[in-house]
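Reading through the structure tokens given below for one structure.
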Amino acid sequence: MILILKQGTQENEINPIRQKFESMGLIIQEIKGESTRMIGLAGDTSQVTEDEVMVHPCVERIMRVSEPYKLAGRKFHPETSIFDIMGRKIGGGEFAVIAGPCSVETEEQILSVAESVKKSGADFLRGGAFKPRTSPYAFKGLGLEGLELLELARKETGLPIVTEIMSPEYLGVFADKVDIIQIGARNMQNFTLLRQVGELKKPVLLKRGLSSTIEELLMSAEYIISGGASQVILCERGIRTFETSTRNTLDLSAIPVLHKKSHLPVVIDPSHATGYSDLVESMSLAAAAAGADGLIIEVHNNPEKALCDGAQSVKPDIFDSLIKKIKKIREIIK
Ligand code: PEP
Ligand code: MN
């Protein structure tokens, strides 16, 4: 529900509205309009009657918001969000690249990849320490040791680190050590985890579920934001279709659709979307051309020997030339 306020409304007239609806457990958000001042009420507004709102003299009129996501949506937040995460900007024309191996394997591997992607211009280092694997027998990451190696790589390169959380057991450790907490595709609808990660109030990279709609992705973002976090980055990483020639099907139209519906930045993961390293460049360029706010790309110094997702990981030299081409595309669409 959006309350449109009368011209010249003063702060002291808004306070009683704030107090009343906060006491009902609703989230109150100021909305910056072009000329009008508005207040968004998020939460279960079905209990709020028009009379209860209109009794406040500063309210001109009420607008019900039909979308089930409010805090993640554009109606409550018409301005495009630009996040500053440790000095790196993303969103609204600010493009960021997250790169690194699927999994942290050894100190030598993560330091080598971190150094090379940094040299090529990456903004963040990715690397899985806790891996969601389809087979219970596959490599599942180094766990806490992997997090320590990521911290070491951050110390050596200055790149902030992005890594996936799988269990609430590690919330405290992630709060302490990780710069952007990744929620993987398989956990996109793990609502308890979403809420608890939101409560950490840290930046979050939220990946779209394998078979999730755009609306479901935005509802998951809503869980995180209503938990307390404000910096949520949406990630399209390919969805399940009948097509088998790629690992998933990259939904590029998700970029403009999400931009239309939401103020949050959108990044594309061409690695998991395609499953093949030779398709990563073309899909990265297409994503940049379609207006993505960033990319998350798997890079490995020795993909043939990678313990996870080697087939889709590009080598550092390919990543380097890809970044140069991305810059050219960004120049063209500016
Ligand atoms: C990953 O980023 O390594 C990963 C497992 O991605 P997704 O959750 O998109 O499959
Ligand atoms: Mn991977």
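First listed ligand is number 1; within each ligand, the first listed atom is number 1. Just so you know, these numbers come straight off a predicted model, no measurement behind them.
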Listed as residue and atom, the protein N/O/S atoms under 2.8 Å from the Mn ion (ligand 2) are Cys102 SG, His272 NE2, Glu298 OE2, Asp309 OD2
| task | Could you tell me whether the side chains of Glu298 and His272 share a donor-acceptor contact shorter than 3.5 Å? | result | yes
inquiry  = Hydrogens and angles aside, do His300 and Asp309 bring a side-chain donor and acceptor to less than 3.5 Å of each other?
reply    = no
If we count only N and O atoms by modelled type, under 3.5 Å, do the side chains of Ser81 and His263 hold a donor and an acceptor together? yes
Q. What is the ring orientation for Tyr223 with Phe191, classed by angle as parallel under 30°, tilted 30 to 60°, or perpendicular over 60°?
A. parallel
- Message: Is it true that Ser220 and Arg208 share a donor-acceptor pair across their side chains at a distance under 3.5 Å?
- Response: no
Item to check | Same cluster (ILVMFWY, side-chain, under 4.5 Å), Ile268 and Tyr276 | outcome: no
Close residues (non-hydrogen atom under 4.0 angstrom from ligand 1) work out to Cys102, Arg126, Lys131, Pro132, Glu164, Gln182, Gly184, Ala185, Arg186, Lys207, Arg237, His272, Glu298
Original post:
Will you find, in the side chains of Thr241 and Glu243, an N or O donor that is under 3.5 Å from an N or O acceptor?
Top reply: no
* To do: State whether a side-chain donor-acceptor pair under 3.5 Å links Thr49 with Glu52.
  => yes
Side chains of Gln47 and Asp44: do they bring a donor and an acceptor to under 3.5 Å?
-> no
